[in-house]
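Working notes, beginning with the structure itself.
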Amino acid sequence: MTDKRKFHTVRGVRDILPPDSSLWNWFEATARDVLESFNFREIRLPIFEETELFARSVGAETDIVSKEMYTFHDPLDVDQAIKSVLGHGLDPTRAHLGSSAPASASQIWDFLNKFESLTLRPEATASVARAYIEHGMQTQPGLVKLYYAGPMFRRERPQKGRYRQFYQIGAEVLGTSDHPAIDAELIEMLTVLLERCKLGNWTLLVNSIGDPNCRPAYVELLREELRKVKDRLGQDSLRRVETNPLRVFDSKVPEEQAIIANLPKITDHLCDACRQHFDDLRRQLDLRSISWTHEPRLVRGLDYYMRTTFEITSTHLGAQNALAGGGRYDGLVEMLGGPPTKGIGFALGEDRFIEVIQAAGQISAASVGRPLDAFIVWMGSESYLAAVRLARRLRQEGLCVEMPAQELKVGKALNLADRLGARHAVIVGEEELLTGQFSVKRLFGRREIRTLPGDQKKLSEAELLEYLRGSGKH
RNA sequence: GUGAGCGUAGCUCAGUGGCAGAGCAUCGGACUGUGGCUCCGAGGGUCGAGGGUUCAAAUCCCUUCGCUCACCCCA
């Protein structure tokens, strides 16, 4: 008896199939090209890290860390941990309590959590900071400019533009300088990528959320103001007044919008240094002809952000309309045990970029995918050998070639070539073996005008190569 | 975690108490050295799953699972 159960992807993750994968590959290649043109270099990072890294950098109280991470324990490590405890004559199920009471499952879990706890990365800035410290990159000349690409994991309910395994490309600038020109150039880089993707319907939002000098006082002010109107706030906002007043700005409750609009703006309460930095940033954007909108409500969710925050939004997406977001995080590296370091970066959502590129319709999988240059039609065992050799030769020359494994009737073969989207059919049969000339037939797509006859010519192998290479470019 | 909508063939869907259907797609034939068109045919289903009502359930009721969108939050 075989189990007939069908396997399927788990919630929130998905397969990316051809032809869509062509568009993904194009996008990634384009992004790499743009980022490297700004002298960013790729850093390849692990998919999982110590849980503690994310807890410390992203913030233990954030949604990401408190409820969205995929955390697990390496069985070997757990085994070792238990043995080491037993070796000290301790019962692992009781040792943590210091009493003889049996431990509950959750207490045991908490105990094991003290040992190697690993987490699938929910974002990658923490990993970059870790790598920067681990490899002593502060000794490198100039700024350290890195980019990464790959999947991230967050356990959220999926919806349009949001997945549990999603893909990000991010760029980070680390070093001793926090000059606003760095921030502006990073944003400029994003706009170049948007142009390369032929996207028009996007908006750049910028803000400054101050630094440890000025933000605490502002947060307190905000809390005071919110308490005055607390009877008009919803449950979510009410809770945030105490936990994290800045988050009230994220509320989408219609009744609260008027209240939010009247709240004091953080940019009116920046210290001199932060104000200067924000003013300079906007000047730097202006001199690059990048249009921006000051969005005082833009407060990013991760604890490590300070001063500059920015976001690119698109009208083509649903509720999850952020294509990319980022900001400055000057204290992060030091907080993780590294040298005092300035830093800024962004992450862009590949899933969302692809969505918007498809909606814009300027670039498609069909237009960037690799075409099938030739389909080889062969007849009889003698022509098969010649066909195999021809296929190898054409492929060596960089052409994409398909050849049926079994002999097909000519009509069938051409029909298949057509449906596969081949640009040419090359016929190898008795006649061609005798003359040394291959019959090449130009194929037209199913949608093209049918009255055009496929022009057919007889060419030697050398001529054939030339012909296929020449007509491949359009 | 919460709410709403939706689950019938590979895809898009019709069928609202009486034999499980259509279009597209796939495969074969008409058509053994020349494609798209046309025509003919075939395969493909636990009607998401489980239970209940009924002579009879894809259809009505209950439960459950899944998907989608939205909230929360973020890329």
Side-chain angles (χ1 to χ4, degrees), chain A residues 4-6 8-12 14 17 58 61-68 122-125 149-170 190 234-237 239-240 244 247 249-253 298-302 311-314 317-326 345-356 375 377-380 383 407-432 439-456:
Chain A
K4 290 282 186 65
R5 157 176 118 91
K6 276 187 189 168
H8 47 85
T9 55
V10 302
R11 187 200 294 275
R14 56 179 181 159
L17 309 174
V58 176
E61 302 307 317
T62 60
D63 281 5
I64 291 175
V65 172
S66 64
K67 58 189 187 193
E68 296 175 0
E123 60 106 48
T125 298
M152 307 294 159
F153 306 84
R154 291 182 201 169
R155 197 183 173 287
E156 300 176 277
R157 279 288 282 273
Q159 68 185 74
K160 189 174 177 64
R162 194 168 70 186
Y163 305 93
R164 289 183 168 186
Q165 175 174 337
F166 59 102
Y167 296 82
Q168 284 188 339
I169 295 176
L190 262 176
Q235 258 194 333
D236 285 328
S237 295
R239 193 187 65 240
R240 294 184 194 132
N244 192 348
R247 296 244 66 87
F249 286 117
D250 286 337
S251 169
K252 287 173 190 166
V253 180
L298 179 65
V299 292
R300 305 206 59 78
L302 283 55
E311 193 167 285
I312 305 276
T313 61
S314 167
L317 293 163
Q320 308 306 319
N321 64 352
L323 276 175
F346 68 76
L348 67 85
E350 286 192 67
D351 307 78
R352 294 178 186 180
F353 258 81
I354 296 291
E355 185 108 0
V356 172
F375 185 101
V377 181
W378 57 276
M379 285 151 282
S383 72
E407 184 168 355
L408 297 175
K409 291 178 196 170
V410 177
K412 265 219 172 307
L414 288 170
N415 182 284
L416 183 56
D418 207 35
R419 287 182 300 157
L420 292 177
R423 297 194 163 172
H424 306 274
V426 179
I427 297 169
V428 185
E430 259 179 60
E431 211 181 298
E432 285 75 13
S439 296
V440 189
K441 194 177 176 70
R442 175 78 195 280
L443 298 177
F444 296 92
R446 296 179 135 186
R447 299 261 163 80
E448 292 178 56
I449 305 157
R450 208 188 322 158
T451 50
L452 280 173
D455 53 321
Q456 185 163 342

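Letters go in sequence order (proteins before strands), and every chain restarts at 1.
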- Item | CA sep, side-chain torsions, deciding dist, call: A:Ile169, A:Glu350, side-chain contact (heavy atoms from CB on, under 4.5 Å) | CA-CA 7 Å; A:Ile169 295 176; A:Glu350 286 192 67; 3.6 Å; yes
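B:U38 sits 43 Å from B:A56 when the C1' atoms are compared, rounded to a whole Å. Distance check on atom C1': B:A14 versus B:G7 gives 15 Å, rounded to whole Å. A gap of 37 Å separates the P atoms of B:C61 and B:A42, to the nearest Å. Annotation: B:C71 and B:G10 have their P atoms spaced 33 Å apart (nearest Å). Atom C1' of B:G66 sits at a distance of 15 Å from the matching atom of B:U8, rounded to the whole Å. For the C1' atoms, the distance linking B:G21 with B:A58 amounts to 12 Å, nearest Å. Nucleotides B:A20 and B:G44 have their C1' atoms positioned 13 Å apart, rounded to a whole Å. With P as the reference atom, B:G1 and B:A57 are 36 Å apart, rounded to whole Å.
Under 4.0 angstrom from either OP1 or OP2 of B:G36 there lies no side-chain N or O belonging to A:Arg419. Between A:Gln320 and the phosphate of B:C71, there is a side-chain N or O to OP1/OP2 separation shorter than 4.0 Å. Phosphate proximity of B:C74 to A:Arg247: present, with a side-chain N or O under 4.0 Å from OP1 or OP2.
Going from atom CZ of A:Arg352 over to atom CZ of A:Arg162 covers 8.0 Å, rounded to the nearest 0.5 Å. Between the CG atom in A:Leu348 and the CD1 atom in A:Ile312 there is a gap of 10.0 Å [rounded to 0.5 Å]. To the nearest 0.5 Å, atoms CG (A:Leu408) and CG (A:Asn415) are separated by 10.0 Å.
Figure legend. B:G7 is base-paired to B:C65; pairs are counted as Watson-Crick or G-U wobble with both atom distances under 3.5 Å. Taking a pair to require two hydrogen-bonding distances under 3.5 Å in either a Watson-Crick or a G-U wobble arrangement, B:G43 remains unpaired. Pair assignment for B:A56 gives none, since no Watson-Crick or G-U wobble pairing has each distance under 3.5 Å. Across all strands shown, B:C71 is found opposite B:G1 as a Watson-Crick or G-U wobble partner, with both distances under 3.5 Å. The pairing partner recorded for B:C19 is none, the criterion being a Watson-Crick or G-U wobble arrangement whose two distances lie under 3.5 angstrom. Pairing for B:U34 is absent, with no Watson-Crick or G-U wobble pair whose two atom distances lie under 3.5 Å.
One interatomic measurement links the two molecules: CG of A:Asn415 to P of B:C37, which rounds to 8 Å at whole-angstrom precision. Protein atom CE of A:Met379 is 11 Å distant from nucleotide atom C1' of B:U32, rounded to whole Å. Rounded to an integer number of Å, the gap from A:Ile312 CD1 to B:A75 C1' is 12 Å. When rounded to the nearest whole Å, the span between CG of A:Asp418 and P of B:U26 equals 12 Å. In this structure, A:Lys409 places its NZ atom 9 Å from P of B:G33, rounding to the nearest Å. In this structure, A:Phe375 atom CZ and B:G35 atom P are separated by 14 Å, rounded to whole Å. Rounded to whole angstrom, the span from the OH atom of A:Tyr163 across to the P atom of B:C67 amounts to 13 Å. Rounded to whole Å, atom C1' of B:G35 lies 12 Å from atom CG of A:Leu420.
Across all strands, A:Gly161 comes closer than 4.0 Å to base atoms (heavy-atom distances). Residue contacts shown for A:Asp351 are absent, as no nucleic acid heavy atom lies under 4.0 Å away. In this structure, A:Ala322 reaches the sugar-phosphate backbone alone: every heavy-atom distance under 4.0 Å involves primed, P, OP1 or OP2 atoms, never a base. Using a 4.0 Å heavy-atom cutoff across all strands shown, A:Glu431 reaches at least one base atom of the nucleic acid. Note on A:Glu355: nothing from the nucleic acid sits closer than 4.0 angstrom, heavy atoms only. Contact annotation for A:Glu430: base contact, defined as any heavy-atom pair under 4.0 Å involving a base atom. Using a 4.0 Å heavy-atom criterion, one finds that A:Gly429 contacts the bases of the nucleic acid, with or without backbone contacts as well. When heavy atoms are screened at a 4.0 angstrom cut-off, A:Arg154 is found touching base atoms of the nucleic acid.
For A:Gln168, the side-chain atoms get nearest to B:A75 when compared with the rest of B:G66, B:G35, B:A75. Nearest nucleotide to the A:Arg352 side chain, out of B:C71, B:C67, B:C74: B:C74. Picking from B:G36, B:U34, B:A70 the nucleotide with the shortest atom distance to the side chain of A:Phe444 gives B:G36. Side-chain atoms of A:Arg11 lie closest to B:C67 of the nucleotides B:C67, B:C69, B:G35. The side chain of A:Val410 has B:U34 as its nearest neighbour among B:U34, B:C69, B:C74. Between B:A75, B:G1, B:G35, one nucleotide has an atom nearer to the side chain of A:Arg157 than all others, and that is B:G1.
No more than 12 heavy atoms of other residues, nucleotides or ligands lie within 6.0 Å of CZ in A:Arg155, so this atom counts as exposed by the packing criterion.
Side-chain atoms of A:Ser237 never come within 3.5 Å of backbone atoms of A:Gly234 as a donor-acceptor pair (strictly under, hydrogens ignored). Judged purely by atom type and a 3.5 angstrom limit, A:Gln456 has no side-chain atom pairing as donor or acceptor with the backbone of A:Lys441.
Below the 3.5 angstrom threshold, one finds no donor paired with an acceptor across the side chain of A:Gln456 and the base of B:G35. A:Gln159 contributes no side-chain N or O that forms a donor-acceptor pair with the base of B:C67 under 3.5 Å.
For A:Phe166 and B:A75, the ring-to-base geometry satisfies the stacking test (centroid distance below 5.5 Å, interplanar angle below 30°).
Partners of A:Gln168 according to the side chain to side chain contact (heavy atoms under 4.5 Å, CB included) rule, which considers only residues two or more places apart in sequence or in another chain, are A:Tyr148, A:Met152, A:Arg154, A:Phe166, A:Ala347. With sequence neighbours excluded, no residue forms a side chain to side chain donor-acceptor pair (under 3.5 Å) with A:Lys412.
For A:Ile427 and A:Pro158, each mapped to the nucleotide of RNA chain B holding its nearest heavy atom, the one lying further toward the 5' end belongs to A:Ile427. The residue among A:Leu317 and A:Arg300 whose nearest nucleotide of RNA chain B is located toward the 5' end is A:Leu317.
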